[in-house]
J.: 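Please read through the structure below; I'll follow up with questions.
These numbers come from a predicted model, not from an experiment.
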Amino acid sequence: MTHVRRFVTRLARLLPLFAVALGCLPAPTPVSAAVIDRSASIGGSGLQEFDQRGAQLGALQTSRTRAYDGRHSVRATVTGNGNAYSRGIFDVDWGDGDDVWYGTAIYLPRGFHAALQGQVDLLRWDNWVTDPTTTDRSGIVIWRSDRRVHLIRQRLGVEEQTIAPTFRLPEGRWVWLEVHQRLSRGAGALNEVFLDGRLVTRSRTANTYGRRIERLRAGIVATDAVRQQRPLSLWFDRVTIRRGRPAGLPPRRP
């Protein structure tokens, strides 16, 4: 299914160019043809809506303890003491000029921030498939130094930049966290983050390095393998990708 989805995405990009060459259409303006709406609702199918899912030094499993919407969510846990993660993954094919919204519901248990000993990534994209050594990344992380959410642009092992004003995630309740980015390594970039539907940070700082983006990850996406010795856990629910802003928040039932 992943290969078919990528083929359809690339075909959608090429068809308008063929039409222009034949004189059927005027030259197109940039559009987000590569952004395909996706959703993992974490219902009866569990984790099967993700293209990939897995945990290392931890566990990833559906839970009925609490849910943002419906009866199920995903509980992500890590033990620390190494390269620990617990996450769900969508395969994507994005590039500069694309306009994308991606979000998830997150529940941080009380004491989560106090347990942080290094950076933890919660929702971000990357191109690890192409370059696992100096991977390009952007998305939502929490820094240990201030316990605040940073929207970052990072080239692994080279630099990490905070590209919008920081804010704090509450503990002990569900929040809907959504990122809107117009992807660009220069002029034209846009970054917005919404918390429970309210804009909490915004900037026009570059958010890519110009290379293709291949994966979106949610959960305990990554931890600081050197510093994070304590266990961490959280719940997440209803991971989405959209070409435009959804009309309101996903419905929530207690």
Side-chain angles (χ1 to χ4, degrees), residues 2-3 5-21 26-38 51-52 85 87 89-104 119 121-143 149-166 177-194 199 201-218 221-222 239-245:
T2 299
H3 297 301
R5 189 178 298 112
R6 286 180 174 172
F7 173 76
V8 171
T9 296
R10 287 165 182 164
L11 184 62
R13 280 181 171 273
L14 292 173
L15 286 176
L17 300 179
F18 292 150
V20 170
T29 56
V31 294
S32 299
V35 179
I36 298 174
D37 288 1
R38 301 288 305 277
D51 296 312
Q52 302 175 57
Y85 57 79
R87 63 208 183 190
I89 299 173
F90 283 141
D91 293 330
V92 300
D93 183 17
W94 305 339
D96 278 16
D98 287 333
D99 193 283
V100 61
W101 295 74
Y102 54 94
T104 188
Q119 177 175 305
D121 299 12
L122 302 180
L123 179 68
R124 66 160 170 81
W125 53 252
D126 61 63
N127 63 349
W128 183 88
V129 177
T130 296
D131 187 350
T133 304
T134 56
T135 311
D136 300 346
R137 300 172 170 179
S138 183
I140 296 294
V141 307
I142 300 178
W143 283 7
V149 172
H150 292 248
L151 181 65
I152 57 104
R153 180 180 78 149
Q154 180 183 29
R155 176 157 282 176
L156 188 62
V158 178
E159 66 173 5
E160 182 179 40
Q161 306 170 341
T162 298
I163 58 175
T166 64
L177 186 63
E178 192 148 37
V179 181
H180 172 216
Q181 288 185 307
R182 187 160 59 242
L183 302 171
S184 177
R185 59 183 166 180
L190 175 65
N191 306 287
E192 295 178 321
V193 183
F194 296 81
L199 180 66
T201 191
R202 189 177 192 270
S203 80
R204 293 189 177 275
T205 306
N207 48 35
T208 80
Y209 294 92
R211 299 193 291 180
R212 300 300 297 175
I213 296 161
E214 299 161 325
R215 288 180 174 173
L216 178 75
R217 309 174 190 253
V221 174
V239 183
T240 62
I241 298 171
R242 295 284 183 267
R243 287 168 288 182
R245 187 179 185 184

J.: For Tyr85, enumerate each residue passing the side chain to side chain contact (heavy atoms under 4.5 Å, CB included) test, keeping only those at least two apart in sequence or located in another chain.
T.: Gln56, Asn83, Arg87
J.: Kindly compute the distance separating OG1 (Thr133) from CH2 (Trp128), expressed to the nearest 0.5 Å.
T.: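 The distance works out to 9.5 Å.
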J.: Just to verify, which of Asp99, Asp98, Asp37 counts as forming a salt bridge (charged side-chain N to carboxylate O under 4.0 Å, His left out) with Arg243?
T.: Asp37
J.: Output yes when a side-chain donor or acceptor of Arg212 lies under 3.5 Å from a complementary backbone atom of Asn127, and no otherwise.
T.: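 Checked: no pair found.
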J.: Measure the shortest side-chain to side-chain distance between Ile213 and Asp136 over non-hydrogen atoms and say whether it is less than 4.5 angstrom.
T.: no
J.: In this structure, which one of Arg215, Arg217, Arg137 forms a salt bridge (charged side-chain N to carboxylate O under 4.0 Å, His left out) with Asp126?
T.: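 So the option named by the test is Arg217.
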J.: Quick one, Trp125 and Val92 - any side-chain contact, counting heavy atoms below 4.5 Å?
T.: no
J.: What pairs with Asp131 under side chain to side chain donor-acceptor pair (under 3.5 Å), at least two apart in sequence or on another chain?
T.: Thr134, Arg211
J.: What I'd like to find out is whether the side chain of Ile36 reaches to under 4.5 Å of the side chain of Ile241, using heavy atoms alone.
T.: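 Not in contact.
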J.: Going by side chain to side chain contact (heavy atoms under 4.5 Å, CB included), name the residues that satisfy it together with Ala206, two or more places apart in sequence or in a different chain.
T.: Arg153
J.: Is the shortest side-chain heavy-atom distance between Ile140 and Leu151 below 4.5 Å?
T.: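 With C-beta onward as the side chain, the pair touches.
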J.: Leu199: which residues meet the side chain to side chain contact (heavy atoms under 4.5 Å, CB included) condition with it, sequence neighbours left out?
T.: Glu192, Phe194, Arg202
J.: Suppose we screen for salt bridge (charged side-chain N to carboxylate O under 4.0 Å, His left out). Which residues come up paired with Arg185, at least two apart in sequence or across chains?
T.: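 If we apply the salt bridge (charged side-chain N to carboxylate O under 4.0 Å, His left out) test to Arg185, skipping adjacent residues, there are no hits.
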J.: Given 3.5 Å as the limit, does a donor-acceptor pair link the side chain of Asn207 with the main chain of Arg182, or not?
T.: yes
J.: For Leu177 versus Leu123, what's the shortest heavy-atom pair and its separation?
T.: O-CD2, 4.3 Å
J.: Who are the side chain to side chain donor-acceptor pair (under 3.5 Å) partners of Thr104, not counting sequence neighbours?
T.: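 With sequence neighbours excluded, Thr104 shows a side chain to side chain donor-acceptor pair (under 3.5 Å) to no residue whatsoever.
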J.: Run Leu183 and Ser138 through side chain to side chain contact (heavy atoms under 4.5 Å, CB included) and show every step you take.
T.: CA-CA 10 Å; Leu183 302 171; Ser138 183; over 6 Å; no
J.: Report the residues that fulfil side chain to side chain donor-acceptor pair (under 3.5 Å) with Thr162, sequence neighbours left out, ordered by chain and then residue number.
T.: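 Thr162 satisfies side chain to side chain donor-acceptor pair (under 3.5 Å) with His150 once adjacent residues are dropped.
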J.: Given 3.5 Å as the limit, does a donor-acceptor pair link the side chain of Asp51 with the main chain of Asp91, or not?
T.: yes
J.: Which residues pass the side chain to side chain donor-acceptor pair (under 3.5 Å) test with Gln119, not counting sequence neighbours?
T.: Asp121, Trp143, Glu160
J.: Exactly one of Glu178, Gln181, Arg38 should register a side chain to side chain donor-acceptor pair (under 3.5 Å) with Tyr102. Which one does?
T.: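 Single pass found, and it is Gln181.
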J.: Side chain to side chain contact (heavy atoms under 4.5 Å, CB included) with Ser203: which residues, sequence neighbours excluded?
T.: Ala164, Asn191, Thr205
